[in-house]
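Okay, so here's the structure we're looking at.
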Amino acid sequence: MSVAVRVIPCLDVKDGRVVKGVNFVDLRDAGDPVEMARVYDAEGADELCFLDITASSDSRETTYDVVSRTAEQVFIPLTVGGGVRTVADVDRLLRAGADKVAMVTAAIERPQVMAEIADRFGSQVLVLSIDARRNADQPSGFEVTTHGGRRSAGLDAVKWARRGCDLGVGEILLNSMDADGTRAGFDLEMLAAVRAVCTVPLVASGGAGTVADFAPAVDAGADAVLAASVFHFGDLAIGQVKQALRAEGQPVR
Amino acid sequence: MTSTPGAPCVVVLDYGFGNVRSAVRAVERAGAEVELTASFDRALAADGLVVPGVGAFAACMQGLAEVQGARAIGRRLAGGRPVLGICVGMQVLFAEGVEHGVTTAGCGEWPGRVERLRAKVVPHMGWNTVDPPAGSQMFAGIAAERFFFVHSYGVHDWLQPSGERIAAPRVTWSSHGSDRFVSAVENGPLWATQFHPEKSGDAGARLLRNWLDTLRGC
């Protein structure tokens, strides 16, 4: 037997509420994050991910509160991302009950912060979240973006993933900004390209539309699969995704 | 701490390492009164002591030293009083840990070395199966369940010789790819898990109840 492919629902949280929209625009309200977390736990989610998509400083207290209330009630791992900048931010989130933190922008602005966090808390708490899209100008054909895909970071996504691993991150969350919200399937080529240079777990994100989309992501090298809107709006259930993975010979819980 | 008649009193050792909040909540949910403290005296007095731990072996040993953790564990075990180590809280029970070529002495309750996992993808992160020996109390009713692991180091060789006068420890193994390592130990009053029962949903809750069943009520 081997470790199961993790199926992770991601809750985009704004001001303490879950939101998710096609390509990060036109947000729709899909409920209370703590309630959603309980439902996903009961449905068999292997982990939960909260992304604080506003992450303005005045909404941060709300996020800590949501994390804390979730950790009180849900006994599966919880990753929190969005606005995480410093060792102190990580410390506070872990104390609130997060098991892992995901970084996007702060890691780009000052890569050394990844090493600082890994040294202090261990690699296993740190997820490097990469919002990437296709760009033929980069050597790998994929570039890193920030601000929900609106800006280019001027970095090659595959090289950036490798850099994160070298600096001690414990997991890569690879989100295709091209596929995000399209429900047309994960970007398999991008997953394979990052898998080839990283030995840490790789989480596929962006593009899940049907149950058939998940197994190919695992075949391309993903250790876990993450999706948001297909779960929030009831198009797919966690159990259906696991059933489809199992049918393709992948181990699931 | 709320008062529930007959519930065992458990101390979760607060030495700066570990997702202590999750451990406290999960042990409470399993039916204990839980106190989070760094107090040596409280750690000795409790019916059960939980030693959590995440991060680096050397850093955790340093943190334990600051609260006389190894001494508290040793004193409890000498009196046959239950201790549960979780994740790095299990690893530090072994003789030594090797990180980046540097060897750090552990609590030495068991011989053996904690070393880097050899699997292709590390950390070993996710829900994996366990292979407990016959008669396991820890996995009673949950031997076929998956538990949540997140670690980059482990113990590949169980070195404690089996004696004739004392019961042999029950050692449970798991594998990540072809890399096989110790995932749990039941050794009299000393139990430990490489995985996180506090993050392992209902299966983890049952495991914690199985542990609480070995404690006397307070």
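Order of the sequence lines sets the chain letters (A, B, ...), proteins ahead of strands, with each chain counted from 1. Side-chain atoms are counted along with the backbone in the values below, which use heavy atoms only and exclude waters and symmetry mates.
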Exercise for review: List in chain and number order the residues that pass side chain to side chain contact (heavy atoms under 4.5 Å, CB included) with A:D119, two or more places apart in sequence or in another chain; answer none if no residue qualifies.
Suggested key: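 Per chain and number, A:D119 pairs via side chain to side chain contact (heavy atoms under 4.5 Å, CB included) with no residue.
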With a 4.5 angstrom heavy-atom cut-off, which part of [X] approaches chain B: side chain, backbone, both or neither?
| X | value |
| --- | --- |
| A:R253 | both |
| A:L94 | backbone |
| A:A118 | neither |
| A:R95 | backbone |

Would you say [atom1] of [X] has more than 12 non-hydrogen atoms from neighbouring residues, nucleotides or ligands within 6.0 angstrom?
| X | atom1 | value |
| --- | --- | --- |
| B:R113 | CZ | no |
| A:E189 | CD | no |
| A:D166 | CG | yes |
| A:R162 | CZ | no |

Heavy-atom closest contact ([X] atom, [Y] atom, distance):
| X | Y | answer |
| --- | --- | --- |
| B:P123 | A:P201 | O-CG, 3.3 Å |
| A:V3 | B:M125 | CG2-O, 3.7 Å |
| A:E72 | B:R25 | O-NH2, 2.7 Å |
| B:K199 | A:I76 | NZ-O, 3.4 Å |
| A:S68 | B:R21 | OG-NH2, 2.9 Å |

Closest-packed option against chain B by number of heavy-atom pairs under 4.5 Å, given [options]:
| options | result |
| --- | --- |
| A:A224, A:A96, A:S123 | A:A96 |
| A:C198, A:G97, A:A71 | A:G97 |
| A:T199, A:L78, A:V74 | A:T199 |
| A:V125, A:D41, A:D46, A:V5 | A:D46 |
| A:G122, A:A4, A:A98 | A:A4 |
| A:D99, A:L202, A:V200 | A:D99 |

Which region of [X], side chain (C-beta onward) or backbone (N, CA, C, O), has a non-hydrogen atom less than 4.5 Å from a non-hydrogen atom of chain A, or is it both or neither?
| X | answer |
| --- | --- |
| B:H196 | neither |
| B:S200 | backbone |
| B:A26 | both |

Check your understanding: Who among B:K120, B:E28, B:H151 has the most heavy-atom pairs with chain A under 4.5 Å?
Key ->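 Top count of heavy-atom pairs under 4.5 Å with chain A: B:K120.
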Review point. Quick one: OH on B:Y153 to CD on A:Q124, what's the gap to the nearest 0.5 Å?
Key: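 Answer rounded to 0.5 Å: 10.5 Å.
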